[in-house]
Amino acid sequence: MKKLLLTVLILVVGAALAACGGKEKAGDDKTLTFGATAGPYSDMLKKAIIPGLEEKGYKVTVTEFGDYIQPNNALNDGNVDANLFQHTVYLENFAKENNMELSSLIVVPTAPLGIYSKKFESIDEIADGSTVTIPNDPVNAARALIVLEANGLVEIDPNVEPLKASEKDIVKNPKNLVVTPIEAAQLPRSVESADVAAVPGNFALAASMNLTDALVLEDMPDQFRNVVAVKTENKDEQFAKDIIEVIESEQFEKVIDSDFQGFGKPAWMQ
């Protein structure tokens, strides 16, 4: 009986130690798993971030997700050590709504929303009565309206919070634009049918659009730029510090300038 109890105790302690070792794997074994959505930010990891981490001795793998829910669930569950796919506003709202302790580690260059047209070659050419498609989700719709307002095409009710504005809050429309919200994923296709389309950068790139072809690109506030996120408890871990160091390096910026043209740089890179 004593032998049986001793065996059970050894197995329990061994399992506990193995669990602890798995939890600290990133720090001890220098292995990292990043979560990302397929597309430009997965590419940014592979081209601009992972090579620098590998030089520091890390073995890095990327897990790609097909939606904007699972990358944070995986991060919270410890299945990935960090992720790159979302901006600060989304991260904070998601963490709050799902009772998660997730934090932004560093802001990275991000594909901005752009105003595109096959009919006009400049913002000034946009004609009276033109149709303009914008995203139908609240955050991206507000971003599109901010860009239109910044370029003198509309004026938004000053009493409305800028990040909550919709087409219903337009109080001045000197060119009588017909502003139509549609699904963001349909916006690249709408460039062919509408006179003007406001397309978020990730959807533009997914449709093989060139960011530099936009009539104008969004002057994006940092809260809408994508971030590397980690569990809050890991913000001060060595792997987190090494990620920041790689992203702040001269080599990272060189890759951004050569392979990610049109991406807006965060304030810390200016």
Side-chain angles (χ1 to χ4, degrees), residues 36-48 64-71 84-87 89-90 108-127 129-151 153-154 156 163 165-168 170 173 175 177-221 223-227 256 258-265:
T37 48
Y41 301 102
S42 178
D43 291 342
M44 185 179 291
L45 281 171
K46 295 170 184 175
K47 294 180 179 181
E64 292 188 352
F65 297 92
D67 61 49
Y68 288 174
I69 306 298
Q70 294 308 311
L84 173 56
F85 77 99
Q86 65 196 321
H87 53 59
V89 174
Y90 181 87
V108 301
T110 304
L113 180 145
I115 305 298
Y116 296 86
S117 177
K118 289 290 183 72
K119 185 172 182 179
F120 307 114
E121 294 185 0
S122 73
I123 284 288
D124 295 335
E125 287 184 11
I126 295 176
S130 293
T131 56
V132 182
T133 52
I134 66 171
N136 67 354
D137 61 285
V139 172
N140 284 321
R143 290 171 63 191
L145 292 170
I146 288 170
V147 176
L148 294 175
E149 184 173 51
N151 287 276
L153 294 171
V154 298
I156 307 301
L163 301 184
S166 75
E167 76 282 359
K168 297 175 182 178
I170 296 174
N173 187 357
K175 290 193 173 183
L177 302 178
V178 180
V179 180
T180 305
I182 65 173
E183 288 286 339
Q186 301 302 317
L187 285 163
R189 189 179 303 171
S190 77
V191 176
E192 301 293 337
S193 55
D195 298 316
V196 180
V199 187
N202 57 320
F203 290 102
L205 292 170
S208 299
M209 296 170 66
N210 191 334
L211 296 179
T212 57
D213 287 342
L215 303 184
V216 65
L217 290 170
E218 170 187 29
D219 183 12
M220 183 185 296
Q223 68 207 80
F224 287 133
R225 297 189 199 279
N226 281 8
V227 298
I256 295 300
S258 63
D259 292 6
F260 298 87
Q261 294 182 3
F263 279 57
K265 294 179 179 179

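When side chains are defined from C-beta on, Val154 does not count as touching Lys175, because their heavy atoms never get closer than 4.5 Å. Inter-residue side-chain proximity for Leu153 and Ile126 is flagged as met; some heavy-atom pair is nearer than 4.5 Å. Within the 4.5 Å cutoff, the side chain of Ile134 has heavy atoms near those of the Val132 side chain. Considering only heavy atoms from C-beta on, Leu148 comes within 4.5 Å of Ile115 through its side chain.
Partners of Pro200 according to the side-chain contact (heavy atoms from CB on, under 4.5 Å) rule, which considers only residues two or more places apart in sequence or in another chain, are Leu113, Pro135, Asn140, Leu187, Asn202, Phe203. Among residues two or more places apart in sequence or in another chain, the side-chain hydrogen bond (donor to acceptor under 3.5 Å, both in side chains) test is passed with Ser190 by Thr133. In this structure Glu192 satisfies the salt bridge (charged side-chain N to carboxylate O under 4.0 Å, His left out) test together with Lys118, sequence neighbours excluded. Legend: residues meeting salt bridge (charged side-chain N to carboxylate O under 4.0 Å, His left out) with Glu218, ordered by chain and number and at least two apart, are Arg143. Residues forming a side-chain contact (heavy atoms from CB on, under 4.5 Å) with Ala127 (at least two apart in sequence, or on another chain): Phe120, Ser130. For Asp67, the side-chain contact (heavy atoms from CB on, under 4.5 Å) test picks out Ile69, Gln70, Pro71, with sequence neighbours left out. With sequence neighbours excluded, the residues satisfying side-chain hydrogen bond (donor to acceptor under 3.5 Å, both in side chains) with Thr212 are Asn210. Shown here are the side-chain contact (heavy atoms from CB on, under 4.5 Å) partners of Leu211, two or more places apart in sequence or in another chain: Ala111, Pro112, Tyr116, Ala204, Leu205, Phe263. Applying the salt bridge (charged side-chain N to carboxylate O under 4.0 Å, His left out) criterion to Glu64, with sequence neighbours excluded, gives Lys46. Taking Phe224 as the reference, His87 meet the ring pair (Phe, Tyr, Trp, His ring centres under 6.0 Å) condition, with sequence neighbours excluded.
The aromatic rings of Phe85 and Tyr90 lie perpendicular to each other, with more than 60° between the two planes, well past the 30° mark.
Separation of atoms CG (Asp259) and CD (Gln261) is listed at 8.5 Å; rounding is to 0.5 Å. We find the CG-CD1 distance between Leu145 and Ile156 to be 4.5 Å, quoted to the nearest 0.5 Å. The structure places NZ of Lys168 at 12.0 Å from CD1 of Ile170, a figure rounded to the nearest 0.5 Å. Note that the NZ atom of Lys119 and the OG atom of Ser193 stand 12.0 Å from one another [nearest 0.5 Å].
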Check against side chain to side chain contact (heavy atoms under 4.5 Å, CB included), Tyr68 and Gln86: CA-CA 8 Å; Tyr68 288 174; Gln86 65 196 321; over 6 Å; no
Starting from the C-alpha separation in whole Å, work towards a yes-or-no answer on side chain to side chain contact (heavy atoms under 4.5 Å, CB included) for Ser122 and Leu215. CA-CA 5 Å; Ser122 73; Leu215 303 184; 5.5 Å; no
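Within the structure, salt bridge (charged side-chain N to carboxylate O under 4.0 Å, His left out) pairs that include any residue of residues 197-214 do not occur (at least two apart or interchain).
For Ala214 against Gly114, the heavy-atom pair with the smallest separation is CB-CA, 4.2 Å.
Side chain to side chain, Thr131 and Asp195 meet the donor-acceptor criterion of an N or O pair below 3.5 Å.
Across Ile256, Leu84, Val227, a single residue satisfies side chain to side chain contact (heavy atoms under 4.5 Å, CB included) together with Val108, and that is Leu84.
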What pairs of donor and acceptor atoms, side-chain ones from residues 178-185 against any protein atom, are under 3.5 angstrom apart with sequence neighbours left out?
none

